[in-house]
Peer 1: 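Could you have a look at this structure, given as structure tokens, before my questions?
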Amino acid sequence: MIKWSYSSLKQFKTCPRQYYEIRVAKNFIPREGDDARYGKEVHKALEEYVRDGKPLPKFYEHFKKMVDPLLEIPGQRFCEHEMALTKDSKPCGFSAPEYWVRGIADLLIVDGDTAFVVDYKTGKTSYADPNQLKLMALMVFAHFPEVKTVKTALFFIAHNAFMPEEYRREQSEVMWKIFNDDLARL
């Protein structure tokens, strides 16, 4: 059984050979570039700000006015929340041997039967891909059975652009089908 995440599936779709060489044969270790380091720094700063109230570093303070409205959403907050599912879409531990797919929600807020998932992006809006949000919504539905609606967004923080999507539990079967062809190829 192939184990996957949204990023590994995306890597496979972009270049199956690269996927094989890095993730299967393990012939190469990818180098982290400046953009990836910047993205990790921003994610860490936002995680600590939202979760712990730690002030943003000076060079990220301008993100405060964009993130503060998220803090006004009622509900239980989870930062960098790890979720995994088995092949039959049952929730399991992130590192459980039986996991089939897993992902991390940058910010998850659960308020009764509604959840909010925000994925921080530090790149350009031209790379928007809402399928990542679909997968996060499917994981939320599995891990939080009371949730009926998941409101998601790609938050291009450096550009103050918010690209929302909304999913309902009854759409789950159709949402899974979006991944079927690529998973069959993988």
Peer 1: Would you kindly confirm whether Leu133 and Phe141 end up in one hydrophobic cluster when ILVMFWY residues are joined by side chain heavy atoms under 4.5 Å apart?
Peer 2: yes
Peer 1: Carefully, step by step, assess Met139 and Val101 under the rule side chain to side chain contact (heavy atoms under 4.5 Å, CB included).
Peer 2: CA-CA 9 Å; Met139 290 187 182; Val101 61; 3.7 Å; yes
Peer 1: Check this for me: Arg17, atom CZ, are more than 12 non-hydrogen atoms of other residues, nucleotides or ligands nearer than 6.0 Å?
Peer 2: no
Peer 1: Tell me the closest heavy-atom pair linking Tyr60 and Ala45, and the distance in Å.
Peer 2: CD1-CB, 3.8 Å
Peer 1: Please identify each residue that fulfils side-chain contact (heavy atoms from CB on, under 4.5 Å) with Glu48, with sequence neighbours left out.
Peer 2: Lys44, Arg51, Asp52, Lys54
Peer 1: For residues Val140 and Val174: do they belong to one hydrophobic cluster (side chain heavy atoms under 4.5 Å, members Ile, Leu, Val, Met, Phe, Trp, Tyr)?
Peer 2: no
Peer 1: Side-chain heavy atoms under 4.5 Å apart, restricted to Ile/Leu/Val/Met/Phe/Trp/Tyr: what other residues fall into the cluster of Ile29, or is it alone?
Peer 2: none
Peer 1: Evaluate the side chain to side chain contact (heavy atoms under 4.5 Å, CB included) criterion for residues Asp111 and Ile73: first the C-alpha distance (whole Å), next the side-chain angles of each, then the deciding distance (0.1 Å), finally the verdict.
Peer 2: CA-CA 9 Å; Asp111 185 27; Ile73 297 172; 5.8 Å; no
Peer 1: Return the SG to CD1 distance between Cys15 and Ile22, rounded to the nearest 0.5 Å.
Peer 2: 8.5 Å
Peer 1: One thing to verify: whether Asp35 and Arg37 come together as a salt bridge, which I'm taking to mean a side-chain N less than 4.0 angstrom from a carboxylate O.
Peer 2: no
Peer 1: Quick one: does Ile178's side chain get under 4.5 Å of Lys134's, heavy atoms only?
Peer 2: yes
Peer 1: Does any part of the side chain of Pro16, heavy atoms only, come nearer than 4.5 Å to the side chain of Arg185, both counted from C-beta?
Peer 2: yes
Peer 1: Please, which pairs that meet salt bridge (charged side-chain N to carboxylate O under 4.0 Å, His left out) have at least one residue in residues 56-80, sequence neighbours excluded?
Peer 2: Lys64-Asp68
Peer 1: Does any non-hydrogen side-chain atom of Leu108 lie less than 4.5 Å from one of Phe116?
Peer 2: no
Peer 1: Any link between Met83 and Ile109 through a network of hydrophobic side chains (Ile, Leu, Val, Met, Phe, Trp, Tyr) touching at under 4.5 Å?
Peer 2: no
Peer 1: Going by the side-chain hydrogen bond (donor to acceptor under 3.5 Å, both in side chains) test, which pairs reach into residues 158-167, not counting sequence neighbours?
Peer 2: Glu165-Tyr167
Peer 1: How long is the span from the CG atom in Leu138 to the OG atom in Ser89, to the nearest 0.5 Å?
Peer 2: 7.5 Å
Peer 1: Do Leu70 and Val118 pass the side chain to side chain contact (heavy atoms under 4.5 Å, CB included) test, and can you show the C-alpha distance, the side-chain angles, and the key distance before you say yes or no?
Peer 2: CA-CA 9 Å; Leu70 299 175; Val118 177; 4.0 Å; yes
Peer 1: Distance alone, cut at 3.5 Å: any donor-acceptor contact between the side chains of Ser5 and Arg102?
Peer 2: no
Peer 1: My understanding is that only residues two or more places apart in sequence, or in another chain, count here; which of them pass side-chain contact (heavy atoms from CB on, under 4.5 Å) with Asp181?
Peer 2: none
Peer 1: Rounded to the nearest 0.5 Å, what separation is found between the CD atom of Glu41 and the CG atom of Asp34?
Peer 2: 9.5 Å
Peer 1: Could you pull out all residues at least two apart from Lys40 that satisfy salt bridge (charged side-chain N to carboxylate O under 4.0 Å, His left out)?
Peer 2: Glu32
Peer 1: Is Leu71 reachable from Met66 through a run of hydrophobic residues whose side-chain heavy atoms are each under 4.5 Å from the next?
Peer 2: yes
Peer 1: Should Leu107 and Phe78 count as side-chain neighbours, where that means a heavy-atom distance under 4.5 Å?
Peer 2: no
Peer 1: So which residues get pulled into Tyr99's cluster when ILVMFWY side chains under 4.5 Å apart are joined, directly or through others?
Peer 2: none
Peer 1: Can you find a heavy atom in the side chain of Met136 that is under 4.5 Å from one in the side chain of Val150?
Peer 2: no
Peer 1: Would you kindly confirm whether Phe156 and Val42 end up in one hydrophobic cluster when ILVMFWY residues are joined by side chain heavy atoms under 4.5 Å apart?
Peer 2: no
Peer 1: Got a second to check how far Thr149's OG1 is from Asp113's CG, nearest 0.5 Å?
Peer 2: 6.0 Å
Peer 1: Do Phe12 and Trp4 have their ring centres less than 6.0 Å from each other?
Peer 2: no
Peer 1: Which atom names give the shortest non-hydrogen contact between Gly39 and Thr122, and what distance separates them?
Peer 2: CA-OG1, 3.5 Å
Peer 1: Count the heavy atoms belonging to other residues, nucleotides or ligands that lie under 6.0 Å from NZ of Lys3, then report whether that count exceeds 12.
Peer 2: yes
Peer 1: Going by the rule side-chain contact (heavy atoms from CB on, under 4.5 Å), which residues pair with Glu146 if we only count those two or more places apart in sequence or in a different chain?
Peer 2: Val110, Phe144
Peer 1: First locate atom CG of Leu9, then atom CG of Leu183, and finally report the distance between them rounded to the nearest 0.5 Å.
Peer 2: 5.0 Å
Peer 1: Could you pull out all residues at least two apart from Pro55 that satisfy side-chain contact (heavy atoms from CB on, under 4.5 Å)?
Peer 2: none
Peer 1: Check for a donor-acceptor pair, side chain of Arg168 on one end and backbone N or O of Lys148 on the other, with a separation under 3.5 Å.
Peer 2: no
Peer 1: Please enumerate all residues that pass ring-ring contact (aromatic ring centres under 6.0 Å, His included) together with Phe162, with sequence neighbours excluded.
Peer 2: Phe155
Peer 1: Restricting to non-hydrogen atoms, name the atom on Leu56 and the atom on Tyr49 that form the minimum distance, rounded to 0.1 Å.
Peer 2: CD2-CB, 3.7 Å
Peer 1: Keeping Arg23 on the side-chain end and Gln18 on the backbone end, is there a donor-acceptor pair under 3.5 Å?
Peer 2: no
Peer 1: One pair to check against side chain to side chain contact (heavy atoms under 4.5 Å, CB included): Leu154 and Asp119. What are the steps and the verdict?
Peer 2: CA-CA 5 Å; Leu154 296 173; Asp119 187 51; 3.7 Å; yes
Peer 1: Minimum heavy-atom separation for Ala105 to Val117, with atom names?
Peer 2: CB-CG1, 4.2 Å
Peer 1: Indicate the ring-plane relationship of His81 and His143, choosing parallel, tilted or perpendicular according to the 30° and 60° boundaries.
Peer 2: perpendicular
Peer 1: Can you tell me how far SG of Cys79 sits from CD1 of Ile104, rounded to the nearest 0.5 angstrom?
Peer 2: 12.5 Å
Peer 1: My understanding is that only residues two or more places apart in sequence, or in another chain, count here; which of them pass salt bridge (charged side-chain N to carboxylate O under 4.0 Å, His left out) with Asp88?
Peer 2: none
Peer 1: Kindly state each residue pair satisfying ring-ring contact (aromatic ring centres under 6.0 Å, His included) with at least one member in residues 20-47, sequence neighbours excluded.
Peer 2: His43-Tyr120
